[in-house]
Enquirer: 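Shown below is the structure under consideration.
Everything numeric here is computed off the predicted structure, so don't read it as measured data. Below, read A as the first sequence line, B as the second, and so on, with proteins coming before strands; counting in each chain starts at 1.
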Protein chains: 2
Amino acid sequence: MRLYKLLPDGRRQIVGFALPGDFLGMATSARHSYSADAIGAVAVCRFSKASFARFIEDRPHLLRRINELAVRELSQAQDHMVLLGRRSAEEKVATFLIGWRDRLVKLNGPSTTVALPMSRQDIADFLGLTIETVSRTFTKLERDRVIGILPGSVCLLDPARAEAMAAA
Amino acid sequence: MRLYKLLPDGRRQIVGFALPGDFLGMATSARHSYSADAIGAVAVCRFSKASFARFIEDRPHLLRRINELAVRELSQAQDHMVLLGRRSAEEKVATFLIGWRDRLVKLNGPSTTVALPMSRQDIADFLGLTIETVSRTFTKLERDRVIGILPGSVCLLDPARAEAMAAA
DNA sequence: CGAATCGTTGAAAGCAGTCAACTAGGGTGG
DNA sequence: CCACCCTAGTTGACTGCTTTCAACGATTCG
């Protein structure tokens, strides 16, 4: 799923992509803090806020777990701020590919090809770029023999170089 | 205080500014997720992670409170991602001024002038801009009679217009 | 087969970045 | 007391990366 926020004029910033196992919507306030929609087939467990709060009530260990999730997400959000504010288009794309690969590896085990179920527009809105810049950067990375572009995925031909671009 | 992350080559992204009453360093992992240093005089309460964790242990209400703080910070981080990824220099500066003013108002009560204890470089690194662009944008807002520039602060001459630029 | 969507590519424009000079305070030391 | 220096901030000229505008290619679906 893609998680995003919109500006009044329609500009969109994707704040994250959710994969199986992820926990969404921790905002305790009445309104959620972002929108979400499915990119592919999705199975979700939905809890009403009130009953979930009640369920947690006398399970402090669960609350601690949730808190850890929130803190980890916060840390990721801060990493993404660095990317949005201080990295070039090429660094952004490389960092995205490496980070996305690492998440997929954790789910499905190692693989040289990285599935990209989201559109170029989604990637652009995640990285603070335009669709054209994303496309051009993919092409450039392919010319440089860093990746191979396949429909719906990319192949990491030179992971070391990609990781160097994403460094830190 | 300014809270920031550095890239290996020295580029800096400030992820937030801390004001009196703020709670820092929720990361439960061994390492903190960001660096922090004081801009002005500071009084801090420091807790060792282990003993603070023990203190919270049998105070679920406190843990819930901490969790709310983490979730709120996460939401703010996501708002800032929108700013970094999708807003122009002028929008960034206006949004920063309005947001900073609102935080100061909550602490000190209403005021037409907004104290800016941080340097232009700090503001630039917070907004994903360069110091020159921040300076030019301040000047432009002053020419447009939106703000007045004073040493160490600005005066919001036309808050409505500034808020319009920061919209949403 | 035509229409629509998604992605790629090219050319041109523009916003922000870079490089550099200059100003204004503030502190230091002769 | 004043010359000097150092830092922070501003401004200008120019560059360049990313965006914008537009056309084209590929794939899918009705």
Enquirer: Which residue, Thr130(A) or Ile149(B), contacts DNA chain D at a nucleotide closer to its 5' end, judged by nearest heavy atom?
Expert: Ile149(B)
Enquirer: Provide, to the nearest angstrom, the distance between the NZ atom belonging to Lys92(A) and the P atom belonging to dT19(D).
Expert: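 For the pair Lys92(A) NZ and dT19(D) P, the rounded distance is 7 Å.
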Enquirer: Heavy atoms under 4.0 Å, any strand shown: does Gly152(A) hit a base, just sugar-phosphate, or nothing?
Expert: nothing
Enquirer: For a quick test of reading the model, state the closest non-hydrogen atom pair linking Asp144(A) to Arg161(A) and the distance between them.
Expert: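 Shortest heavy-atom separation between Asp144(A) and Arg161(A) comes out as O-NH2, 2.7 Å.
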Enquirer: Any salt bridge between Asp102(A) and Lys106(A), counting N to O under 4.0 Å?
Expert: no
Enquirer: Rounded to whole Å, please give me the gap between CG in Leu127(B) and C1' in dA16(C).
Expert: 13 Å
Enquirer: In whole Å, I'd like the distance from the CG atom of Asp125(A) to the C1' atom of dC6(C).
Expert: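 Distance check: Asp125(A) CG to dC6(C) C1' gives 14 Å.
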Enquirer: Where the side chain of Ser119(A) is concerned, which of dG7(C), dT10(D), dT20(D) is the nearest nucleotide?
Expert: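 For the Ser119(A) side chain, the nearest candidate turns out to be dG7(C).
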Enquirer: Once you round it to whole Å, what is the distance between C1' of dA16(C) and CZ of Arg120(B)?
Expert: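 My rounded result for the distance is 18 Å.
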Enquirer: Taking the six-membered ring of Phe17(A), is NZ or CZ of Arg2(A) closer than 6.0 Å to its centre and within 45° of its axis?
Expert: no
Enquirer: Whole angstrom is fine here: how far is it from CE in Met118(B) over to P in dG9(D)?
Expert: 11 Å
Enquirer: Just grab all the ring-ring contact (aromatic ring centres under 6.0 Å, His included) pairs involving residues 64-83 of chain A, residues at least two apart or on different chains.
Expert: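 For residues 64-83 of chain A: His80(A)-Phe126(A).
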Enquirer: Quick one: is the NZ or CZ of Arg120(B) closer than 6.0 Å to the six-membered ring centre of Phe138(B), and within 45° of its axis?
Expert: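 Output yes; distance and angle both within limits.
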Enquirer: Take the C1' atoms of the five end pairs on each side of the helix from dC1(C)-dG30(D) to dG30(C)-dC1(D), derive the two axes, and give their angle rounded to 10 degrees.
Expert: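 The value is 30°.
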Enquirer: Show me the protein contacts with nucleotides 9-12 of chain C, counting only N or O atoms at under 3.5 Å.
Expert:
from	atom 1	to	atom 2	distance (Å)
dT9(C)	OP2	Thr139(A)	OG1	2.5
dG10(C)	N7	Arg136(A)	NH1	2.9
dG10(C)	O6	Arg136(A)	NH2	3.2
dA11(C)	N6	Arg136(A)	NH2	3.3

Enquirer: Report the C-alpha distance between Arg86(B) and Asp9(A) in whole Å, list the side-chain angles of each, state the deciding distance to 0.1 Å, and finish with yes or no for salt bridge (Lys or Arg N to Asp or Glu O under 4.0 Å).
Expert: CA-CA 11 Å; Arg86(B) 287 296 176 226; Asp9(A) 63 3; over 6 Å; no
Enquirer: Send over the distance from Gln121(B) CD to dT18(C) C1', rounded to a whole Å.
Expert: 13 Å
Enquirer: Before accepting this row, confirm whether a basic side-chain N of the pair Asp79(B)/Lys5(A) lies closer than 4.0 Å to the acidic partner's carboxylate O.
Expert: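 Between Lys5(A) and Asp79(B) there is a salt bridge, with a charged N closer than 4.0 Å to a carboxylate O.
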Enquirer: Would you kindly give the CD1-to-P distance between Ile39(A) and dC6(C), to the nearest whole Å?
Expert: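 Ile39(A) atom CD1 is separated from dC6(C) atom P by 13 Å.
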Enquirer: Regarding Glu90(A) and Arg136(A), does a basic nitrogen lie under 4.0 Å from an acidic carboxylate oxygen?
Expert: no
Enquirer: Distance check needed: dT10(D) C1' versus Ile123(B) CD1, whole Å only.
Expert: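 The distance from CD1 of Ile123(B) to C1' of dT10(D) comes to 14 Å, rounded to the nearest Å.
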Enquirer: Flag the pair Arg12(A) and Asp122(A) as a salt bridge only when some basic side-chain nitrogen lies within less than 4.0 angstrom of an acidic carboxylate oxygen.
Expert: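 Salt bridge present between Arg12(A) and Asp122(A).
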